[in-house]
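Here is how names work: the chains are called A, B, and so on, in the same order as the sequence lines, proteins then strands, and each is numbered from 1.
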Amino acid sequence: MLLVLGANPLSGYAALIDGAFGSTKNLANSALKAMPLLLVGAGISVAFRTGVINIGGEGQIIAGAILATLVVLAVPDLPRFLLLPLAFLFGAIGGAIWGGMAGTLKSYAGVNEILSTIMLNIIAVQIMNLLLRGPLMDPGEIEKGSRIPHTERLSTNADLPILPGGTRLHLGVVVAVLMAVVCYVVLFRTTQGLRLRASGHNPFASLYAGMSVKRNVVLAFMYSGAMCGMAGVTLVFGSEGHRLATDGGATTFTGAAGFNGIVAALFGGLHPLWTIPASFLFGALLVGANALQRAVQVPAALILALNGLVVVFVVGSIQARLRLAQAAARMSERDDDPGAEAAGSDSAPKGADPP
Amino acid sequence: MTEFLTVSVLLATLASAIRLATPFLLAALGETLSQRSGVLNLGVEGVMLLGAYGAYYATLRTDSVVLGVLVSLVVGGVMGIAYGVVTLALKAEQGISGIGIFIFGLGLSDLLFQKQVGTPTPIDGLGDVAVPLLGDLPLVGEVLFHQNILVYVAFLLVPALWFVMNRTPFGLNVRAVGETPEAADSLGVSVNRTRYITIFAGNAMAGLAGGALALELGIFQQNLTNGHGFIAIALVYFGAWRPTGVMAGAMVFGLVSATVLQWKTLGIVVGTTASIVGMFPAVLTILVLVLVSRRTGQPSALTRPFQRGH
């Protein structure tokens with residue numbers, strides 16, 4: 001792909017790898033880029049395993065960021081140990097509301113969740129633009145007349161503290177890893193997690209077993225949305241400007257994390273713990289891409305395009321491997337009940353099986 | 001508001017509604033075709049973006065709108081073949097692979113634009129063609145028959161697609177493959193070949209839809225389509241998988257877009273209110289989907305890969 005774009009691929013990749021892993025500083029930057037991907041990805045794993053496709057990460061990140069920003073603007077003088085948890089809490093609530101809307105629309109109004117989440121993304125961006133150009137605009141910008149659509153510098157008590165070690169790494173990275181572990185525990189070590197996974201694996205059996213699949217779908221969406229909302233909090237309060245800003249475009253301060261997180265989750269086999277290294281890999285790709293852009297003038301949008309291909313290949317290979325396994329199973333069970341294999345393929349989840 | 005309610009402005013809005021409905025219509029008709037054969041193509045948005053960029057770039061470099069249109073068709077067709085291989089040969093889950101195509105298109109179109117063009121340079125779009133005789137009609141002629149060529153193509157595709165689906169052996173095969181692929185297969189209809197054709201044609205139309213959008217706006221930018229492709233998929237549900245229903249839905253969205261545009265031009269909405277009207281299409285899509293959710297008629301084999309012996 002680099003060749004097609006008229007760049008030297010060797011020096012390009014060298015720049016990419018050096019930019020991502022070359023020094024402690026670069027490694028830390030990769031981890032910072034990985035942070036929102038991990039939060040989104042771990043949440044997405046929960047949704048996908050419940051059998052719903054949440055591509056509303058962008059909107060949920062924004063919803064969480066807006067609500068957390070509002071809270072911090074309302075009570076800026078709270079001490080940090082209260083204000084930060086409060087910001088995360090309201091970020092999670094904002095994301096959960098936005099995700100819950102898609103879940104409710106799916107469960108109780110029969111609306112395809114892929115379409116509704118995309119539309120909710122567009123609506124969230126517009127609401128953010130509305131707020132940042134209107135009531136939330138930095139008073140300083142209005143005074144200067146430059147009217148850049150962003151909030152004032154948010155309370156320093158809400159800054160995510162920088163971790164020791166001389167890098168830009170901040171507490172958000174720790175929160176992201178912790179939350180991924182929480183996702184794993186919820187999904188694989190609690191009854192509720194079992195219910196969610198059962199709903200995704202075989203909704204009819206779950207229904208007969210007395211579960212409310214509809215409720216589980218809403219819950220999964222709220223859970224997934226809450227994770228995205230927290231990603232929004234880390235992106236705002238961990239940003240260099242410490243404010244919520246928009247460029248008026250489609251992917252604003254999120255840096256397309258809502259989409260890239262899906263890629264990380266799929267790459268991590270929809271397992272919250274495996275999503276940790278997967279996110280780091282894609283975070284490194286993003287940082288490396290910026291170095292690539294400087295070295296051989298290839299725009300960093302390359303990574304989004306590559307990620308699209310990764311999704312297609314991962315999904316394609318999942319089904320191919322599944323079929324190979326089924327074929328092998330058929331060979332060995334030829335003398336057994338012939339109905340078993342048909343049932344096996346019917347219950348194959350929507351590409352949401354771990355590799 | 002009063003300046004909006006004059007005959008000339010309303011007529012201009014109506015004419016622009018028809019133009020703006022065209023990308024929705026082309027993409028939604030293509031999606032109808034592939035869904036009727038049992039394949040859900042969620043990559044429309046990505047294919048539209050690539051088609052839009054292709055048309056924009058070709059027109060920018062050669063000043064030939066015709067070449068731009070052709071490029072968008074070819075780009076769509078190529079993406080169709082790729083999507084066919086992924087969903088038919090590899091039997092990948094259609095929902096997620098479609099999202100992959102969307103992300104790929106979003107990234108690649110932006111990448112190529114930044115690399116090859118950089119600064120947004122406007123291009124001359126398609127010129128209007130007046131239909132002889134009909135174009136001379138008062139009022140109606142001005143609104144309906146002074147449009148660019150892609151508008152006519154899109155609206156003529158509505159009866160054409162209806163005819164193909166309901167009055168030709170191929171259309172019967174498509175519907176059979178979409179409802180009960182096993183039965184179609186047992187009668188000697190090649191399920192996958194039929195689906196390859198519908199996916200190819202459907203994606204070519206999505207590419208063309210993107211081209212129509214870029215040439216209508218005369219510009220390209222990151223995420224130019226901003227949900228057009230996904231709205232087109234919603235229109236297929238709204239239209240209950242029938243070309244005429246899809247056309248009605250496309251007109252509704254064309255009208256909304258045209259009204260929003262006209263209000264912005266007239267200065268009825270400025271600043272922050274522009275964000276509110278910018279939400280209209282998305283909110284409308286969700287409302288439409290809620291309204292039509294009880295509707296039946298979805299092809300039974302939608303999203304189900306075909307495998308012999310099951």
From OG1 (A:Thr117) to CD1 (B:Ile99), nearest 0.5 Å: 7.5 Å
B:Leu284 side chain reached by A:Met119 side chain, heavy atoms, under 4.5 Å: no
Spacing of CZ belonging to B:Phe230 relative to CG belonging to A:Leu115, to within rounding of 0.5 Å: 7.5 Å
Among the listed options B:Phe102, B:Phe280, B:Tyr83, the residue most often paired with chain A at heavy-atom distances under 4.5 Å: B:Phe102
Minimum heavy-atom distance between B:Asp110 and A:Ala301, given as atom pair plus value: OD2-CB, 3.6 Å
Nearest heavy-atom neighbours spanning B:Ile103 and A:Leu304: CG2-O, 3.4 Å
Engaged part of B:Val85 at the chain A interface, taking heavy atoms whose separation is under 4.5 Å: neither
From A:Ile123 atom CD1 to B:Ile276 atom CD1, the distance as rounded to the nearest 0.5 Å: 12.5 Å
Contacting region of B:Leu42 [heavy-atom separation from chain A under 4.5 Å]: side chain
Where A:Leu105 and B:Ile286 come nearest, the two heavy atoms and their spacing: CD1-CG2, 3.7 Å
Part of B:Ala82 lying under 4.5 Å from any heavy atom of chain A: neither
Partner residues of B:Phe220 under the ring-ring contact (aromatic ring centres under 6.0 Å, His included) criterion, sequence neighbours left out: B:Tyr53, B:Phe113
Structural part of A:Ile118 lying under 4.5 Å from a heavy atom of chain B: side chain
Nearest heavy-atom neighbours spanning B:Ile96 and A:Val311: O-CG1, 3.5 Å
Closest approach of B:Ala92 to A:Gly316 (non-hydrogen atoms, all atoms of both residues): CB-CA, 3.7 Å
Distance, nearest 0.5 Å, that separates CD1 of A:Ile122 from CG of B:Asn226: 4.5 Å
Contact leader toward chain B among A:Ile262, A:Ile127, A:Leu120, where contacts are heavy-atom pairs under 4.5 Å: A:Ile127
Side-chain touch B:Tyr237/A:Asn112, heavy atoms, less than 4.5 angstrom: yes
